[in-house]
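Notes for the one structure printed next.
This is a predicted model, so every value here is computed, not measured. The analysis underlying the following values was restricted to heavy atoms, covering all of them including side chains, and did not include hydrogens, waters or symmetry mates. Order of the sequence lines fixes the chain letters, A, B, ..., with proteins taken first and strands second; residue numbering starts at 1 for each chain.
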2 protein chains.
Amino acid sequence: MSPRRSAADARQTRAAILARGVAIASVEGLEGLTIGRLADELTMSKSGVLGQFGSKQGLQLAVVDAAAAQFAEEVPDRTRDAAPGLPRLLALCEAWVSYVEREVFPGGCFFAAASGEFDDRTGPVRGAITGLITVWQRDLRQNVRIAIAAGDLPADTDADQIVFELTGQMLALNHAFRLHRDRSAPDRTRLAMGRLLGHPLPAAALQRV
Amino acid sequence: MSPRRSAADARQTRAAILARGVAIASVEGLEGLTIGRLADELTMSKSGVLGQFGSKQGLQLAVVDAAAAQFAEEVPDRTRDAAPGLPRLLALCEAWVSYVEREVFPGGCFFAAASGEFDDRTGPVRGAITGLITVWQRDLRQNVRIAIAAGDLPADTDADQIVFELTGQMLALNHAFRLHRDRSAPDRTRLAMGRLLGHPLPAAALQRV
DNA sequence: CCTACCGATCGGTAGG
DNA sequence: CCTACCGATCGGTAGG
């Protein structure tokens with residue numbers, strides 16, 4: 001096997017770097033993710049890692065995109081069976097709670113951690129993080145609006161307010177689960193979200209017994 | 001003026017280091033706070049900074065304590081006039097919203113940032129952060145219980161659940177205010193907290209005009 | 001994707 | 001609280 005690899009090999013290498021990078025960054029942060037450590041853990045040279053992304057910022061942007069793809073698989077993609085509006089909203093909330101409970105990322109919600117780390121900075125990495133979170137919240141809001149139009153939420157509901165409060169319960173769960181290792185936090189979150197939406201979360205009853 | 005300073009001078013130097021340290025750490029994080037940068041900004045030598053704390057971890061612990069003292073001044077100390085129970089609870093919530101709105105720390109809530117940074121680690125710094133947050137949440141819970149006993153909250157209220165949900169709204173505010181620069185977030189938080197407690201926050205009406 | 005470097009900066013120490 | 005260091009590690013480059 002020659003040291004010069006094919007394009008397919010390069011793609012595989014890139015995927016392996018990103019998988020490790022996402023896991024490390026969810027724990028150590030996107031700044032704490034270093035090229036040297038990544039190279040060490042993958043038994044590669046630093047320049048081999050860096051060559052794929054050009055710079056640390058390029059690596060960070062690729063890691064954010066890879067985390068977004070994984071999040072999409074683990075949360076919204078699991079709600080495809082639920083109809084738009086209240087059913088989808090409840091499914092998205094339950095999928096989010098489950099995503100934290102299952103510890104999809106070893107350091108908890110990747111985007112909660114990344115937004116806390118980059119909220120005081122400027123530049124493309126912050127932009128990528130805020131863009132992805134904005135899209136996620138727009139998806140929630142859209143389903144709130146459909147639920148209102150369908151009569152499944154009160155007509156005077158403020159969609160932005162509901163999304164704001166749901167976001168708070170998501171952050172509370174990540175906080176309590178990671179910092180206090182509070183195992184009752186997922187059910188507390190389900191309860192709070194169910195009250196906000198006037199309906200219990202779909203899987204909560206099953207998981208409670 | 002000789003290079004050998006008195007104990008009073010040393011105390012002043014220490015206070016100056018901690019004031020800068022808290023501000024830097026609220027933006028860059030407790031790991032991103034470096035001895036070299038601190039020395040630079042204070043036109044001191046690195047060893048002059050390090051000598052006060054022994055190690056970077058000693059500096060981090062002192063910075064956490066200094067931030068806790070400032071938080072105590074800016075939030076709970078401002079609610080001394082409110083009677084224990086629901087009045088104090090409403091005052092604590094309003095003081096917290098105001099603390100974020102006034103940007104007491106340049107990087108937003110110091111403890112929201114620090115707990116996100118250290119939630120996956122072990123050691124005394126994590127311990128100090130969790131300890132302070134636990135005390136703060138115990139204070140909230142205690143006032144919820146007094147409010148229940150006084151009949152100001154329903155008798156079947158779950159105090160831990162209320163504290164959990166209030167914490168979520170605090171985190172939602174910090175998140176929206178820092179990441180999205182959403183200026184409507186403070187009033188959204190007031191609204192959510194007021195609903196949770198069944199009473200509007202004390203200063204909200206005045207500030208709304 | 002590798003070896004062999006680069007200057008800058010990290011936390012920390014010796015000794016005054 | 002200073003100067004003068006230390007080894008380790010940072011992101012990144014040259015050249016193959």
Task: Set of ring-ring contact (aromatic ring centres under 6.0 Å, His included) partners for H180(B), sequence neighbours left out - done: H175(B)
TODO: Can you tell me the distance, in whole Å, between the NZ atom of K56(A) and the C1' atom of dT9(D)?
DONE: 12 Å
Open item on the list: Between Q52(A) and A10(A) (side chain of the first, backbone of the second, donor and acceptor by atom type, cut-off under 3.5 Å), is there such a pair?
Closed with: yes
Open item on the list: Given dT13(D), dC1(D), dC1(C), identify the nucleotide with an atom nearest to the side chain of Q52(B).
Closed with: dC1(D)
TODO: Figure out the CG/P separation between L50(A) and dC2(C), and round it to whole Å.
DONE: 12 Å
Open item on the list: Check this for me: does any side-chain nitrogen of one of D40(B) and R37(B) sit under 4.0 Å from a carboxylate oxygen of the other?
Closed with: no
TODO: In whole angstrom, give the distance that lies between atom CZ of F53(B) and atom P of dT13(C).
DONE: 16 Å
TODO: Can you tell me the distance, in whole Å, between the CD atom of E31(A) and the P atom of dT9(C)?
DONE: 15 Å
TODO: State the dot-bracket string of DNA chain C. Criteria: Watson-Crick or G-U wobble, both atom distances under 3.5 angstrom; notation: ( ) intrastrand, [ ] crossing earlier pairs, | interstrand, . unpaired.
DONE: ||||||||||||||||
- [ ] Please work out if T34(B) contacts a base, only the sugar-phosphate, or nothing of the nucleic acid, heavy-atom cut-off 4.0 Å.
- [x] sugar-phosphate
Task: SB check D158(B) R188(A) (cutoff 4.0 Å) - done: yes
Task: Whole-Å gap separating C1' (dG11(D)) and CG (L38(A)) - done: 13 Å
- [ ] Evaluate the ring planes of F71(A) and Y99(A), with Trp represented by its six-membered ring, and classify them as parallel (under 30°), tilted (30 to 60°) or perpendicular (over 60°).
- [x] perpendicular
Task: Whole-Å distance separating the CG atom of D9(A) from the P atom of dC1(C) - done: 7 Å
- [ ] Identify which nucleotide among dG12(D), dT3(D), dT3(C) has an atom closest to any side-chain atom of S55(A), counting heavy atoms from C-beta outward.
- [x] dG12(D)
Open item on the list: For a 4.5 angstrom cut-off between non-hydrogen side-chain atoms, does I129(B) reach E117(B)?
Closed with: no
Open item on the list: Using a 4.0 Å heavy-atom cut-off, does I35(B) contact any base of the nucleic acid, only the sugar-phosphate backbone, or nothing at all?
Closed with: sugar-phosphate
TODO: Look at the side-chain N and O atoms of T13(B) and state whether any lies under 4.0 Å from the OP1 or OP2 oxygen of dC1(D).
DONE: yes
Task: Q161(A) and E165(A): side chain donor to acceptor below 3.5 Å - done: yes
- [ ] May I ask you to verify whether the side chain of K46(A) and the base of dG11(D) hold a donor-acceptor pair under 3.5 Å?
- [x] yes
Task: Distance in angstrom units between Q57(A) CD and dC10(D) P, rounded - done: 19 Å
TODO: Measure from CG on L33(B) to C1' on dT9(C) and round the result to the nearest Å.
DONE: 15 Å
Task: Among dC2(D), dC2(C), dG12(C), the nucleotide that comes nearest once only the side chain of S47(B) is considered - done: dC2(D)
